[in-house]
Peer 1: 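Next up is a structure, given as structure tokens.
These numbers come from a predicted model, not from an experiment.
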Amino acid sequence: MQSDETTALQVACDTEVSGCVFLMRTEEDDKERLLEIARDHVREQHGKEYTLDEIEAQHVTEVAVETEAG
């Protein structure tokens, strides 16, 4: 078994907002869906409106993810 490192996108809600621990990762090619889920979460749980561009600029980071190839 091999371990390969790939990149993914991660979005995290600002923990200062209601102590929220919302955290989600997805593959880079599913970025649009990640942004939409994050925007909906912030609107529904925190009553704040953000555009997809604002979510991407403020909350999305690229992270290394270890995957196991068999």
Side-chain angles (χ1 to χ4, degrees):
M1 300 213 3
Q2 284 183 358
S3 281
D4 294 322
E5 219 175 75
T6 60
T7 58
L9 298 175
Q10 173 176 290
V11 65
C13 191
D14 186 354
T15 55
E16 294 175 14
V17 178
S18 306
C20 184
V21 292
F22 174 79
L23 178 66
M24 186 172 69
R25 288 183 182 173
T26 190
E27 294 179 13
E28 288 180 287
D29 61 359
D30 200 22
K31 181 181 196 173
E32 196 70 24
R33 183 76 182 125
L34 174 81
L35 295 173
E36 290 170 0
I37 291 171
R39 180 191 59 193
D40 293 346
H41 165 81
V42 172
R43 182 179 59 239
E44 292 169 11
Q45 298 300 315
H46 305 296
K48 295 187 178 190
E49 289 288 338
Y50 289 102
T51 66
L52 295 179
D53 290 339
E54 289 172 322
I55 295 287
E56 182 177 5
Q58 297 173 24
H59 298 284
V60 176
T61 54
E62 189 174 283
V63 293
V65 179
E66 204 171 283
T67 58
E68 291 190 19

Peer 1: With rounding to the nearest 0.5 angstrom, report the CD to CD distance, E32 to E56.
Peer 2: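 Reported to 0.5 Å precision, the distance equals 8.5 Å.
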Peer 1: Using a strict cut-off of less than 4.0 Å between a Lys/Arg side-chain nitrogen and an Asp/Glu carboxylate oxygen, indicate whether E36 and R39 qualify as a salt bridge.
Peer 2: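 Answer for the salt bridge query: no.
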Peer 1: Measure the CD-CZ distance between E27 and R33 for me, rounded to the nearest 0.5 Å.
Peer 2: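 Atom-to-atom, E27:CD and R33:CZ are 15.0 Å apart.
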Peer 1: Roughly how far, to the nearest 0.5 Å, is NZ of K48 from CZ of R43?
Peer 2: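 Here the interatomic distance stands at 15.0 Å.
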Peer 1: For the atom pair CG (D30) and CZ (R25), what is the distance rounded to the nearest 0.5 Å?
Peer 2: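 D30 CG to R25 CZ: 15.0 Å, rounded to 0.5 Å.
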Peer 1: Quick one: pull up NZ in K31 and CG in D29 and give me the separation to the nearest 0.5 Å.
Peer 2: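 Here the rounded value is 11.5 Å.
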Peer 1: Tell me, do H46 and H41 make a side-chain contact under 4.5 Å, heavy atoms counted?
Peer 2: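 H46 vs H41: side chains touch.
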Peer 1: Write down the atom of Y50, the atom of E54, and the distance for their closest heavy-atom approach.
Peer 2: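 Distance-wise, the nearest heavy atoms are CA-OE1, 3.2 Å.
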Peer 1: What's the shortest heavy-atom distance between I55 and A38, and which atoms?
Peer 2: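 Closest approach of I55 to A38, heavy atoms only: CG2-CB, 3.8 Å.
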